[in-house]
Amino acid sequence: MTYRTALGTAMALALSVPSLAAAQDLLVFDYSGFETPEFHQPYIDQHGASPEFVFFGDEDEAFQRLLAGFRSDVTHICAGSVPRWQESGIIEPWDRSRIAAYDTLNSDLLGSDVRAGSADLMWVPTDFGTTAIAYNAETVPAEDVASLEIFNNPAYAGRLSIPDNVDDAYALAYLATGVTDWTNATDEQFEAATAWLRGIHPNLLNYWVDPGEIAQLMASGQVQAAWVWNEVPVALADEGFPVGFQRNTVEGTSVWLCGYVNMAEGEGSEDLAYDFINAMHAEASALPLLDNGFGTANDAALQALGAEALEAAGLGPVTVPVLAQLPMSNEQRERQAEAFERIKSGF
């Protein structure tokens, strides 16, 4: 969910040149930034080079390119997209027995049905993060961010922001209206969440697109509080900005989760695909991921980093309900996406 500059992309492509033969055996379709070698160093140690990476801007773009005939071997998507991709027939199950860290993956990220073995493993989680309220700790009193209702507070009109991302927006809205499990949200709960999002629209300065954008808006003082990914307050703190990150709002907080799907018509090596996934889960990859704002889905490797490191990265424990952005039905996601677009347009 982090986006890098074109320069970073060019550097990553250059890194793949020394071993084109190895690169051509595995093509990873990904968000820019995840080509970082340290994220899969065991793969490089094993094969002498990174796999080949091709980048997309968002998952809808990736989905359309794949439907149009582009071929990748593994693709990085977040949990909410999985049902749509599965229904399309472009992905196939992973073999649990070949996922080295499967037994130590965080079961909350896998989902109970998959953990119990009662469903195909259509998606393997590799990275996750939290979404909560970042705020200017010098100008926003702590009591004002004790509740998600700060987004309805007229005192902050025009100085608030949420992501231009339907999943994060509805995670916020469901929490604000008392829902902590969106996988079985009723029509009434969807309507209440939609009405809440529509209600806060006039209070928002904008819908931010990438972490760098919202970090700049907060640093400039234009935005006083925002619904953001945990990497944003980490970056702001590194710059000396007096940022707070409130994950214990009374209504709860959210966790987003992403991972890789196995493409049904991939032309590369299936063995290398498993080597790549296992490298992402490796203990050696946990700290580089965390340093960039991501928690590894391998809970054993994550916990080994220590409570202090997790808290500093915005991934420490919370005492409030957590809405995990687990897969939802394609029908529900499409309905939310349509409503969100209308709200952003002022309807």
Side-chain angles (χ1 to χ4, degrees), residues 1-6 30-34 55-65 76-81 84 127-135 148 150-152 156-177 182 190 193-220 222-236 243 245 253-258 293-294 314 323 325 328 330 332-347:
M1 298 180 76
T2 299
Y3 304 90
R4 298 291 179 89
T5 63
D30 217 322
Y31 285 104
S32 180
F34 278 90
F55 305 108
F56 54 80
D58 60 50
E59 290 167 30
D60 284 338
E61 173 200 334
F63 185 68
Q64 294 304 323
R65 286 177 65 182
H76 199 179
I77 66 174
C78 296
S81 297
R84 180 189 189 192
D127 52 287
F128 75 97
T130 59
T131 313
I133 301 175
Y135 62 100
L148 299 177
I150 187 174
F151 292 100
N152 273 314
Y156 295 97
R159 298 187 294 166
L160 301 164
S161 184
I162 71 171
D164 188 6
N165 178 293
V166 62
D167 291 341
D168 285 306
Y170 267 89
L172 169 62
Y174 278 126
L175 283 168
T177 53
W182 70 9
F190 163 73
T194 300
W196 190 89
L197 276 178
R198 185 172 290 113
I200 71 170
H201 175 77
N203 267 2
L204 303 179
L205 173 69
N206 73 335
Y207 295 86
W208 61 265
V209 175
D210 66 72
E213 174 192 3
I214 188 58
Q216 289 179 356
L217 287 171
M218 293 193 68
S220 70
Q222 291 176 267
V223 169
Q224 293 294 296
W227 186 243
V228 303
W229 304 324
N230 58 288
E231 65 196 85
V232 174
V234 172
L236 285 168
V243 63
F245 192 47
T253 190
S254 181
V255 172
W256 55 262
L257 43 147
C258 301
F294 308 109
L323 186 151
Q325 296 182 27
M328 66 181 72
N330 189 39
Q332 180 183 348
R333 195 169 192 274
E334 289 297 324
R335 183 165 63 161
Q336 291 175 182
E338 181 179 349
F340 188 48
E341 289 303 316
R342 286 181 57 81
I343 290 168
K344 289 189 298 178
S345 299
F347 297 102

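Closest non-hydrogen pair, Trp208 versus Val228, comes out as CZ2-CA, 3.8 Å. Gly80 and Asp167 get closest at one heavy-atom pair: CA-OD2, 4.4 Å. Contact record, Ala215 with Leu236: O-CD2, 3.5 Å, taken as the closest heavy-atom pair. The shortest non-hydrogen separation linking Ile150 to Leu160 is O-CD1, 3.6 Å. Between Ile77 and Ser81, the shortest heavy-atom distance links the atoms CD1-CB, 4.2 Å. Between Arg84 and Gln64, the shortest heavy-atom distance links the atoms NH2-NE2, 3.6 Å.
Ring-centre distance between Phe56 and Tyr31: below the 6.0 Å cut-off.
Under the 3.5 Å distance criterion, the side-chain polar atoms of Ser161 are matched with a main-chain donor or acceptor of Asn206. Judged purely by atom type and a 3.5 angstrom limit, Asn230 has no side-chain atom pairing as donor or acceptor with the backbone of Gly129. Distance alone, capped at 3.5 Å, is enough to place a donor-acceptor pair between the Thr253 side chain and the Thr131 backbone. The backbone N or O of Phe347 lies less than 3.5 Å from a partner atom in the side chain of Arg198, making a donor-acceptor pair. Looking only at distances, a side-chain donor or acceptor of Asn203 sits under 3.5 Å from a matching main-chain atom of Phe151.
To the nearest 0.5 Å, the span separating CZ on Arg159 from CG on Leu204 amounts to 13.5 Å. The CD atom of Glu231 sits 9.5 Å away from atom OG1 of Thr130, with the distance rounded to the nearest 0.5 Å. Distance check: Cys78 SG to Glu59 CD gives 4.5 Å after rounding to the nearest 0.5 Å.
Look at Lys344 and Glu341 and you find a salt bridge, because one of the NZ, NE, NH1 or NH2 atoms lies within 4.0 Å of a carboxylate O, short of that distance. Between Glu61 and Arg65, at least one side-chain nitrogen of the basic residue sits less than 4.0 Å from a carboxylate oxygen of the acidic one, meeting the salt-bridge criterion.
Listed by chain and number, the residues in a ring pair (Phe, Tyr, Trp, His ring centres under 6.0 Å) with Trp182 amount to none (sequence neighbours excluded). With sequence neighbours left out, the ring pair (Phe, Tyr, Trp, His ring centres under 6.0 Å) criterion links Phe245 to no other residue. When the ring pair (Phe, Tyr, Trp, His ring centres under 6.0 Å) test is applied to Tyr207, the partners found at least two apart in sequence or on another chain are His201, Phe340.
Residues Trp256 and Asn165 are not in side-chain contact: their nearest non-hydrogen atoms beyond the backbone lie 4.5 Å or more apart. Inter-residue side-chain proximity for Ile162 and Leu197 is flagged as met; some heavy-atom pair is nearer than 4.5 Å. Taking the side chain as every heavy atom from C-beta outward, Tyr174 and Leu323 approach each other to under 4.5 Å. Between Ile200 and Trp227 the shortest side-chain heavy-atom distance does not fall below 4.5 Å. Side-chain atoms of Val243 and Tyr135, non-hydrogen and from C-beta on, never get closer than 4.5 Å to each other.
By the 6.0 Å contact criterion, CD on Glu334 is enclosed, its count of non-hydrogen atoms from other residues, nucleotides or ligands being greater than 12.
Between Asp168 and Gln325, the side chains place a donor N or O and an acceptor N or O closer than 3.5 Å (distance only, hydrogens not considered).
A parallel orientation is assigned to the rings of Phe190 and Tyr170, their planes being inclined by less than 30° (bins at 30° and 60°).
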